[in-house]
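Written out below as structure tokens is the structure these notes cover.
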Amino acid sequence: MENKNRAQFSSKFAVVAAAAGSAVGLGNIWRFPYELGSNGGFAFLLIYLLFVFVLGMPVMLSELVIGRRSQANASGAFRVLRPNSRWHLVGLLGVITAFIILSFYFVVAGWSLEYVFQAVANNFVGKAPSDLSQVFTDFTTEAVRPLFWTIVFVFITAFVVLAGVQKGIEKISKILMPLLFVIILILCFRSLTLPRAEEGVKFLFKPDFSKITSTVVLSALGQAFFSLSVGMSCLITYASYVSKKNNLVHTAFEITTLDTLVSVLASVAIFPAVFSLGIDPSKGPELVFITLPNVFTQIPGGYFWAILFFLLLAVAALTSTISLLEVITAYVTEEFKLKRKTVILLSVGVLIISSGLSSLSLGVWSNLQLFGMSLFDFFDYFSSKILLPTGGLLISIFIGWFYKRKDTFDELSNGGKLAVPLFNIYFFLLRYIVPIAIALIFINELGLNK
Ligand code: PHE
């Protein structure tokens with residue numbers, strides 16, 4: 001039954017644009033290249049692609065099924081599908097994960113705003129990578145400026161989410177995502193034509209299996225889930241706004257392909273330049289911020305491209321932070337019967353504190369540490385490498401073992417109207433492969449076997 005009072009995305013394109021907007025973000029352009037660079041290049045890429053299609057996409061489909069079938073928020077959804085059980089806690093875990101991801105994501109999103117202004121001020125011209133690295137470190141370890149941008153980003157996100165599903169989220173995703181794609185293509189072209197670009201291409205595409213370690217495997221798993229926005233009920237929430245006519249299998253396939261394409265293109269834009277400029281590929285979080293500004297200075301009209309790029313990076317981040325805040329908002333509004341506005345205001349308060357602390361932990365308050373990592377690194381590590389895979393594990397067990405196979409089929413086929421290609425394979429992956437693979441990866445890397 002279609003719930004007439006619930007907000008809905010207006011068209012099929014809007015669904016893909018919004019979900020892809022959630023998926024495509026800093027995860028693709030900032031995080032993917034630096035994880036790939038720190039984890040040996042091709043080995044990481046290969047495992048990543050495998051995990052995206054074999055583990056990530058089945059979990060994504062499950063989230064879409066859970067959300068659209070129940071037409072409820074992250075936690076309410078499990079209550080609708082399995083009343084009187086504890087499965088609703090998986091939704092709550094997702095809400096907590098959303099808070100933790102946002103606590104570092106807002107900081108990096110804030111950096112992209114700072115870089116818009118750096119680009120406007122033409123600050124990249126004549127700077128070698130080492131100078132750009134210094135600019136980055138000086139900025140991120142400072143107290144006030146990064147904090148300021150982080151808070152600005154929290155407010156922009158809250159403002160859009162306040163405007164509601166159709167007016168806010170849809171409009172932004174529809175227009176700006178395609179533009180981002182174009183800029184990345186231009187960057188790829190320039191990067192590939194720089195001197196010594198082949199070394200970067202080799203790093204990306206030349207097999208070297210000796211580099212595969214348990215750390216690389218867990219990193220690839222975390223990155224796959226993070227980038228696809230799966231494992232924390234974000235897509236459950238979005239799917240609850242999806243029309244009963246939508247073809248969920250197509251939607252999942254489109255989001256996954258698009259997201260993966262952007263990540264791969266982002267690395268093609270970055271690594272040839274990294275090697276051409278002699279930057280260490282395992283530089284970590286600063287990699288994109290010190291490589292691309294330099295590439296822009298070598299493109300005709302680079303001044304404008306750079307401004308546009310960092311602006312669109314901020315927008316890509318925004319469509320992701322919106323989806324994360326929407327998880328929290330939908331949950332608290334529906335479960336505690338509060339007004340959207342009240343919930344958003346409360347969340348803004350909490351998030352300013354948590355993301356503010358995480359920003360400060362990179363500089364002036366560097367003694368703000370947990371498990372030997374800065375608060376910022378801890379939020380990043382804990383959410384993508386522990387919480388998302390755990391969420392994915394639980395969601396796959398739910399659909400694989402605790403929900404009727406025929407109901408899953410019913411939802412994916414829109415009540416038998418659509419063919420569901422590969423349904424048996426999908427269900428097999430979900431029931432056996434996904435949970436076992438995630439469990440093994442955990443045991444292997446987190447030393448649970450020692
Ligand atoms: N997928 C987003 C990105 O790559 C981040 C995200 C994770 C968004 C989880 C929502 C949920 O930037």
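All ligand and atom numbering here is 1-based and tracks the order in the structure.
- Of the protein's non-hydrogen atoms, the one nearest atom 2 (C) of ligand 1 is Ser22 O, 3.2 Å.
- Remark: ligand 1 and Ser227 share an N or O pair separated by less than 3.5 Å (distance only, no angle test).
- Among Phe117, Tyr115, Phe304, the one residue that satisfies the ring pair (Phe, Tyr, Trp, His ring centres under 6.0 Å) test with Phe310 is Tyr115.
- Counting heavy atoms closer than 4.0 Å to ligand 1, residue Met232 contributes side-chain atoms (C-beta onward) but none from N, CA, C or O.
- Of the protein's non-hydrogen atoms, Tyr105 OH, 2.4 Å is the one closest to atom 12 (O) of ligand 1.
- Under the 4.5 Å side-chain criterion, counting only non-hydrogen atoms from C-beta, Phe203 is in contact with Phe275.
- Among protein heavy atoms, the minimum distance from atom 10 (C) of ligand 1 is reached at Ser229 OG, 3.3 Å.
- Relative to the six-membered ring of Phe226, Arg31 meets both conditions, a distance below 6.0 Å and an angle of at most 45° to the axis.
- Cation-pi geometry between Arg431 and Trp401 is satisfied (NZ or CZ under 6.0 Å from the ring centre, within 45° of the ring normal).
- The shortest N or O to N or O distance between Val24 and ligand 1 is not below 3.5 Å.
- Closest to atom 7 (C) of ligand 1 among all protein heavy atoms lies Phe226 O, 3.3 Å.
- For ligand 1, the polar-atom distance check against Cys234 finds no nitrogen or oxygen pair separated by under 3.5 Å.
- Atom 3 (C) of ligand 1 has Ala23 O, 3.2 Å as its closest protein atom, hydrogens excluded (heavy atom only).
- Shown here is Lys385, whose NZ atom has more than 12 heavy atoms of other residues, nucleotides or ligands within 6.0 Å.
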